[in-house]
Amino acid sequence: MNFQERWPQPSSLKQALLARLVLGLGVSQEQASLRDWFQATALTVRELLTARWHETNRQVRDHGLKQVSYLSMEFLLGRGLQNGLMALNILDECREALAECGVRLEDLIELEVTPALGNGGLGRLAACFLDSMASLGLPSIGYGIRYEFGMFRQEVIDGWQIERPDDWLADSNPWEFMRPERQYLVRFGGRVVHEGNRVHWLDGEAVYAIAYDTLVPGHGHYAVNTLRLWGARPVEPMDLATFNRGAFMEALSPQLRARTVVRVLYPDDSTIEGRELRLRQEHFFVSASIQDTLRRFRADYDDWALLPDKISIHLNDTHPALAPAELMRQLVDEHLLAWDDAWDLVTRVLSYTNHTLMPEALEIWPCDMMGRLLPRHLQIIEEINRRFGQQVEARPGDNQPDLFAKVSVIQEDGERRVNMGRLSVLSSHKVNGVSRLHSRLVRERLFPEFAELFPERFANVTNGITPRLWLNLANPKLATLINETIGDGWQRDLSRLADLRPSAEDDAFCGRLADIKALNKQRLAKLIAHRVGIEVNPAAMFDVQVKRIHEYKRQLLNLLHVIARWNAMRAAPEQDWPARVVIMAGKAASAYHMAKLIIKLAHDIGRRINNDPVTGDRLKLVFLPDYSVSLAEYIIPAADLSEQISLAGTEASGTGNMKLALNGALTIGTADGANVEIAEQVGPEDIFIFGMSVEEVAALDASGTYSSREIYRNSQQLQEVIDQLGAGQFSSDPACFWPIVDSLLDGNDHFKLLADFDSYWQAQRAVDRAWRDQPAWLRKAARNIAGAGRFSSDRSIRDYASRIWNAGYLPA
Ligand code: 26V
């Protein structure tokens with residue numbers, strides 16, 4: 001090894017990698033572990049992106065472009081290495097450079113921990129949006145929390161979910177830049193003093209929010225945007241006097257206390273737990289993000305009136321809904337604007353997306369708690385509400401005297417509480433739902449009075465997914481087939497996938513599609529064998545339901561069908577039952593016992609039927625633990641059937657449905673969320689829609705006549721299945737699943753599984769018939785891919801840019 005080799009100069013990618021390894025990390029090539037190589041490669045990628053990053057920021061300033069501050073408590077990014085290499089267009093080059101050093105790129109990719117700073121759909125959507133904003137050249141900065149522990153890792157022991165901490169930062173994170181110069185004081189508690197026109201917020205405690213930046217590279221565009229996540233630091237790092245008198249632990253308590261606020265992601269997507277800490281988190285990241293947004297604006301402009309032209313602040317659900325109060329506080333108390341001027345700016349800058357209608361997920365904070373933690377914010381919210389009340393009362397021809405009680409941001413029924421949804425609607429110039437159906441329900445069911453007061457405020461932006469991750473990266477062979485069939489224009493405009501429609505009639509195309517699906521299924525079959533020790537037949541239909549475990553998503557309906565199918569197969573084993581592997585994955589909120597019991601049931605049914613010689617490899621049920629973005633990348637390209645079976649009116653949109661259709665799975669689903677729009681795109685022949693519509697559910701509820709027991713009494717099939725559950729057929733503890741039986745029969749089946757069961761069973765028979773004709777199935781799969789083009793997050797972001805943000809793009 002000569003000098004040049006030992007101390008390499010970054011004149012080529014290989015040289016750059018070696019320089020990072022040897023000079024940056026301080027390990028010699030002979031001693032480097034895979035982990036060292038991963039770090040060196042990631043750091044090299046980050047370096048290669050920084051030039052583009054600085055250029056992006058310069059151009060935003062030079063062109064005076066509007067920048068979107070996207071506030072989200074969750075960003076479910078997934079791994080960065082392959083994504084970065086693809087954005088830089090050096091995937092193959094890097095593979096070769098590493099190969100010359102005796103390292104396999106694929107091993108490094110698999111080594112990377114998957115950051116999991118989100119629960120599910122809302123967090124993954126935020127990540128897809130970051131990708132699309134960068135790829136379209138839309139200047140943006142994502143703001144969130146740098147949780148020290150992300151979404152828990154799920155283990156399944158004897159069917160029971162066990163949560164393990166996600167210590168994702170244990171091995172240093174090569175993607176982030178810590179920015180000690182971007183540090184803001186965030187305050188809690190204390191008291192408010194009015195002195196003339198000035199308001200002072202005194203005493204209380206404070207922590208520093210410190211920025212950690214992750215680069216968000218565009219694909220097919222040079223833009224590199226920023227994801228800025230806030231870590232926490234104490235104002236006084238430790239109490240030296242305490243330490244010196246020997247109280248070592250106590251001396252460190254400021255550290256511990258400050259960092260508590262960023263310690264953990266709330267593992268819940270429906271109910272509010274650990275309430276006060278959660279409110280602290282929300283204030284912490286909102287305050288820092290708004291201070292930073294205003295500082296960036298003031299660095300370039302000195303006229304506040306320009307704020308709405310240069311900045312949009314977007315609220316990803318109500319989790320950042322303290323933003324209007326914090327913005328008012330900073331503008332009025334600190335920058336000394338008049339209230340009316342400040343409020344005008346606030347309402348022109350803010351916009352809000354609603355992501356759920358589930359009552360238990362709508363945030364409502366007791367005034368008591370807010371007053372203790374954020375006394376000035378509560379005052380501001382009360383003042384916003386008082387003025388709103390005057391406006392409502394002063395409406396000409398008011399014929400709804402109790403209107404204000406229905407829209408008041410402060411709910412006075414019982415304990416006084418702040419309704420964060422109402423605050424968000426009142427403070428935003430646009431409010432949107434995430435599918436056409438959901439947006440209508442947001443207007444009609446959630447905020448009907450607001451929709452009457454401010455009709456122009458309500459909009460729809462149907463969700464989307466990034467094709468870079470969910471097609472190019474997860475299913476590269478399919479991406480190549482598409483390129484060879486219709487050219488690569490779809491990479492910039494996914495709606496061009498419609499050009500594939502004629503290829504559905506082409507046997508050669510369908511043959512190649514079948515080959516790709518078969519390879520993806522073999523890969524997944526291997527993973528299943530490796531992870532859970534179940535052998536599945538890759539030729540069987542892979543029937544997939546992957547998502548958070550929640551009663552409204554009705555994983556239990558799927559399981560009832562599996563049992564019913566098993567019963568039917570055992571009763572008539574000679575019949576031509578197409579082979580199926582039912583694959584489920586997803587996490588249950590830690591305190592959500594029913595969801596955990598559903599996982600246990602999936603596991604126990606699997607244990608019983610997977611070893612049944614009568615059904616053999618014609619029916620298998622697999623629960624794959626620890627669902628994550630990375631696991632989804634394996635499962636989704638291998639799916640034949642996509643289960644989207646929520647009770648109509650409960651799933652705001654769904655995005656897994658889009659990922660699966662894009663990868664050629666056929667949907668069996670209800671007329672809920674974005675399923676409705678998927679059905680329109682692919683056509684009724686190529687999707688299996690079943691169950692009650694939103695209107696039928698509403699009529700049933702209104703009639704008050706729903707009786708799950710009556711359905712049970714009238715259905716032999718359901719009786720058999722539910723009696724098996726009750727009799728303990730699938731468990732060593734006969735009482736194990738009684739709570740499930742109870743919820744179905746005595747709890748009157750809140751999500752109406754039994755009402756939809758028969759229709760679901762029929763739809764599954766139609767799926768079986770369709771599967772038997774493989775050439776026809778492949779044509780359907782091809783038309784699903786062709787119809788998925790509308791569901792690109794690029795389209796969603798263009799919609800946001802034009803309908804909500806009025807934002808422009810960097811030149812290509
Ligand atoms: C609420 C809470 C309450 C406090 C504890 C932590 C926490 C975390 C999440 C939530 C609400 C989650 C709402 C959500 O994820 N909605 C999903 O959003 C997707 C993207 O729009 C959409 O596709 C799904 O249908 C919708 O369920």
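The structure displayed is predicted, hence computed values, not measured ones. Computation of the quantities below employed the complete heavy-atom set of this structure, encompassing side-chain atoms and omitting hydrogens, waters and symmetry-equivalent molecules.
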I want to check something: taking the side chain as every heavy atom from C-beta on, are L471 and I482 in contact at a cut-off of under 4.5 Å?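 A side-chain contact exists here, since the closest heavy-atom pair is under 4.5 Å.
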
* Between N472 (side chain) and P476 (backbone), is there a donor-acceptor pair under 3.5 Å? ->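 Side chain of N472 to backbone of P476: no pair is present.
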
Quick check against the 3.5 Å criterion: does R783 have a side-chain atom that pairs as donor or acceptor with the backbone of A504?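 Checking the backbone N and O of A504 against the side chain of R783, no donor-acceptor pair under 3.5 Å is found.
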
*I would like to know whether T466 and D131 meet side-chain hydrogen bond (donor to acceptor under 3.5 Å, both in side chains); could you show each step before the answer?*
CA-CA 7 Å; T466 170; D131 182 88; 2.7 Å; yes

>> Side chains of Y712 and D723: any donor to acceptor distance under 3.5 Å?
In response: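 Short answer, yes.
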
| query | Between the side chains of N663 and W470, is a donor N or O closer than 3.5 angstrom to an acceptor N or O? | reply |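 No donor-acceptor contact under 3.5 Å links the two side chains.
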
*asked:* Parallel, tilted or perpendicular, judged at 30° and 60°: which one describes the rings of W777 and F688?
replied: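 Parallel.
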
Exercise for the section: Please work out whether the ring planes of F690 and Y760 are parallel, tilted or perpendicular, with thresholds of 30° and 60°. Expected result: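 F690 vs Y760 ring planes: tilted.
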
Legend entry - Interatomic spacing from CD1 in I109 to CG in L81 - rounded to 0.5 Å: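 Taking CD1 in I109 and CG in L81, the distance rounds to 5.5 Å.
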
Can you list, pair by pair, the side-chain donor-acceptor contacts under 3.5 Å of residues 522-543, counting residues two or more places apart and other chains?
from : atom 1 : to   : atom 2 : distance (Å)
N537 : OD1    : A539 : N      : 2.9
D543 : OD2    : R580 : NH1    : 2.7

### Message
Under the rule for side-chain contact (heavy atoms from CB on, under 4.5 Å), what residues qualify as partners of A571, not counting sequence neighbours?
### Response
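Here no residue qualifies.
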
task: Not counting sequence neighbours, which residues clear side-chain contact (heavy atoms from CB on, under 4.5 Å) with E677? List them please.
output: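 Only S435, R436, T462, E680, R790, F791 meet the side-chain contact (heavy atoms from CB on, under 4.5 Å) criterion with E677.
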
With sequence neighbours excluded, residues passing side chain to side chain donor-acceptor pair (under 3.5 Å) with W771: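 Listed in chain order: nothing, the list is empty.
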
Could I get the full list of side chain to side chain donor-acceptor pair (under 3.5 Å) partners for K620, not counting sequence neighbours?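 For K620, no residue satisfies side chain to side chain donor-acceptor pair (under 3.5 Å) once neighbours in sequence are set aside.
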
Practice problem: List the steps, then state whether side chain to side chain contact (heavy atoms under 4.5 Å, CB included) holds for L754 with Y706. | Solution: CA-CA 10 Å; L754 303 199; Y706 181 55; 3.7 Å; yes

> Which residue pairs satisfy the salt bridge (Lys or Arg N to Asp or Glu O under 4.0 Å) criterion with at least one member in residues 633-659, sequence neighbours excluded?
Replying inline: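 Counting only pairs at least two positions apart or across chains, the salt bridge (Lys or Arg N to Asp or Glu O under 4.0 Å) contacts touching residues 633-659 are K521-D640, K553-E651.
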
